[in-house]
There are 2 protein chains.
Amino acid sequence: MDGMTRGTGRGETETAILEATYRALCEYGYAQLSVQHIAENFEKSKSAIYYHYDSKDDVLLSLLDFVVETFFEDLEAETGTDPVENLRLLVDRLVPASLVEEDLDLHTVMFELRSEALTKPVYRTKFTEVDRTVCQIVESYVRTAIDSGVVTGVDPEQTARRIQQHALSAQTARLTTEDDWAVETARDAAFELLDVPQD
Amino acid sequence: MDGMTRGTGRGETETAILEATYRALCEYGYAQLSVQHIAENFEKSKSAIYYHYDSKDDVLLSLLDFVVETFFEDLEAETGTDPVENLRLLVDRLVPASLVEEDLDLHTVMFELRSEALTKPVYRTKFTEVDRTVCQIVESYVRTAIDSGVVTGVDPEQTARRIQQHALSAQTARLTTEDDWAVETARDAAFELLDVPQD
DNA sequence: GTCTATAGAAAGATAGAC
DNA sequence: GTCTATCTTTCTATAGAC
């Protein structure tokens with residue numbers, strides 16, 4: 001039994017293909033990505049990819065699910081007992097001041113796939129769900145903080161939506177411009193909404 | 001002399017090619033775009049495109065300039081005399097509640113090109129400049145409103161940056177999800193920053 | 001399941017006539 | 001400047017051996 005693939009309906013080879021696609025997508029971007037590029041990041045041959053997936057589109061749709069799973073696993077990892085601290089950590093993960101390479105790659109792949117939502121309804125539906133789920137997670141954390149009495153005077157739903165939006169704009173700016181003040185601006189705004197200091 | 005091309009260094013045919021590329025980009029998206037698709041939206045042949053441009057990349061880089069010019073022309077159009085009203089109109093153009101098809105296409109093309117900034121430094125540099133310029137424009141409008149005494153208690157630079165970020169997140173959400181509350185959230189937040197009612 | 005080899009289509013780009 | 005025709009490369013996907 002492979003720990004990485006348990007319960008996802010993906011075997012080891014499928015996972016290896018998706019990881020190769022992930023790396024190739026970081027390197028080339030969606031527009032320049034070919035099955036050959038995927039194969040170069042994969043220990044087996046190009047044909048093996050077609051044995052496990054019907055088409056290039058099929059691989060990329062599976063990658064979408066794979067990446068979204070990873071994103072939410074990272075987002076909800078290690079929760080403590082202090083509601084305000086948990087909220088702070090959540091916002092910090094949603095709008096990180098800086099990214100280690102691993103997280104930068106995840107954001108890059110997410111954004112590359114998101115950009116396909118402009119022309120492909122399946123992608124659009126998926127990212128609608130992603131953004132809704134982010135809002136729901138933030139909202140639940142805000143509600144817990146309110147119930148504990150430490151955070152007051154905020155509307156959980158509106159606050160969650162605004163934080164999600166700040167995360168989205170920070171991500172877009174970080175990945176598509178050279179300026180990093182956008183991330184700081186978004187972080188400041190997000191923490192201001194909660195009347196919670198950043199550290 | 002053609003009014004549309006004056007001072008841009010583009011002839012009629014170059015402009016027609018860029019307009020065709022614009023339409024093809026809306027229809028197919030950057031990843032699926034081919035020179036053939038451009039030619040299908042163009043009255044002349046594929047070879048004519050190569051006579052006027054060195055390569056597909058060359059066409060798309062020219063489109064980038066073309067689209068950015070159009071964006072800023074639209075943004076700074078028709079200024080009135082009331083500083084607060086001008087500011088309201090500016091924010092309304094940056095974060096429109098809804099888009100007519102023409103503006104939706106412009107935003108779509110801008111976003112398709114922006115997504116290339118992840119892998120292409122030239123695009124990244126351009127969008128860095130775009131976002132900076134948007135901030136500068138908003139900042140100048142805010143300063144004018146402050147000088148007139150109607151808007152008070154805001155830092156022009158920070159406010160401008162936040163408004164630009166709200167515009168970016170609204171655009172991303174509008175183009176990549178099915179939910180439209182994101183746009184309302186961004187608009188509300190932007191107008192709140194100025195303590196100016198939306199209408 | 002994985003390989004090599006290749007079919008078949010589409011891509012970017014050019015040649016040469018007009 | 002624009003055309004048709006074509007070159008060359010690259011792409012997606014498959015065939016058939018192992």
Side-chain angles (χ1 to χ4, degrees), chain A residues 1-2 4-5 8-64 66 112-113 115-116 119-120 122-123, chain B residues 1-2 4-5 8-64 66 112-113 115-116 119-120 122-123:
Chain A
M1 288 290 165
D2 173 20
M4 287 220 53
T5 60
T8 62
R10 273 186 291 267
E12 282 181 34
T13 307
E14 280 86 352
T15 304
I17 292 170
L18 296 185
E19 284 168 350
T21 309
Y22 183 102
R23 287 187 292 272
L25 200 49
C26 284
E27 189 174 351
Y28 297 99
Y30 194 103
Q32 339 289 330
L33 182 70
S34 72
V35 179
Q36 182 60 43
H37 292 144
I38 298 172
E40 282 160 13
N41 283 275
F42 178 49
E43 55 183 346
K44 299 175 184 174
S45 79
K46 196 170 65 166
S47 289
I49 297 170
Y50 281 102
Y51 177 82
H52 292 277
Y53 293 95
D54 291 339
S55 63
K56 178 186 164 187
D57 276 10
D58 189 21
V59 177
L60 283 159
L61 276 175
S62 295
L63 180 66
L64 177 58
F66 179 76
E112 289 282 0
L113 295 174
S115 70
E116 288 307 293
T119 47
K120 294 171 183 161
V122 190
Y123 284 77
Chain B
M1 289 293 161
D2 173 23
M4 287 220 53
T5 61
T8 63
R10 274 187 291 267
E12 281 181 36
T13 308
E14 280 87 352
T15 304
I17 292 169
L18 296 185
E19 283 169 350
T21 309
Y22 183 102
R23 286 187 293 272
L25 200 48
C26 284
E27 189 173 352
Y28 296 99
Y30 194 103
Q32 288 52 59
L33 182 69
S34 72
V35 179
Q36 182 60 44
H37 292 145
I38 297 173
E40 282 160 11
N41 283 276
F42 176 48
E43 54 184 344
K44 300 175 183 174
S45 79
K46 195 170 69 166
S47 290
I49 297 170
Y50 281 101
Y51 177 82
H52 292 277
Y53 292 96
D54 290 341
S55 64
K56 178 186 165 187
D57 277 9
D58 188 21
V59 176
L60 284 159
L61 276 174
S62 295
L63 180 66
L64 178 57
F66 178 76
E112 289 282 0
L113 294 175
S115 70
E116 288 307 293
T119 47
K120 294 172 183 162
V122 190
Y123 284 77

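Computed from a predicted structure; not experimentally measured. Basis for what follows: all heavy atoms, side chains included, without hydrogens, waters or symmetry-related copies. Just so we're on the same page: letters track the sequence lines, and every chain starts at 1.
A:Ala20 pairs by the side chain to side chain contact (heavy atoms under 4.5 Å, CB included) definition with A:Arg23, A:Ile38, A:Asn41, A:Phe42, not counting sequence neighbours. By the ring pair (Phe, Tyr, Trp, His ring centres under 6.0 Å) test, A:Tyr51 is found to be paired with no residue, residues two or more places apart in sequence or in another chain being considered. Taking B:His52 as the reference, nothing meets the ring pair (Phe, Tyr, Trp, His ring centres under 6.0 Å) condition, with sequence neighbours excluded.
Only A:Tyr50, A:Ser55, A:Lys56, listed by number, bring a heavy atom of residues 50-62 of chain A to less than 4.0 angstrom from any atom of DNA chain D. In the region residues 20-27 of chain B, proximity to DNA chain D at under 4.0 angstrom, judged on heavy atoms, holds for none of the residues.
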Protein-proximity profile, nucleotides 3-10 of chain D, B/S/- by nucleotide at the 4.0 Å heavy-atom cutoff, equals BBB-----
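The CD atom of A:Glu112 sits 13.0 Å away from atom CG of A:Leu64, with the distance rounded to the nearest 0.5 Å.
Side-chain contact between B:Ser55 and B:Val59: absent, with no pair of heavy atoms (C-beta onward) separated by less than 4.5 Å. Here the side chains of B:Tyr50 and B:Val35 are in contact, with some heavy-atom distance below 4.5 Å. A heavy-atom distance below 4.5 Å is not found between the side chains of A:Thr119 and B:Tyr30. Contact annotation: the side chain of B:Lys46 approaches that of B:Gln36 to within less than 4.5 Å [non-hydrogen atoms, C-beta and beyond].
Rounded to whole angstrom, the span from the CD1 atom of A:Ile49 across to the C1' atom of D:dT12 amounts to 11 Å. As rounded to whole Å, 14 Å separates atom P of C:dA5 from atom CD of A:Gln36. Between the CG atom of A:Leu33 and the C1' atom of C:dA11 there is a distance of 16 Å, given to the nearest Å.
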Taking it one step at a time, do A:Leu33 and A:Leu60 satisfy side-chain contact (heavy atoms from CB on, under 4.5 Å)? CA-CA 10 Å; A:Leu33 182 70; A:Leu60 283 159; 3.8 Å; yes
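Side chain of A:Gln32 to backbone of A:Gly29: no donor-acceptor contact under 3.5 angstrom is found.
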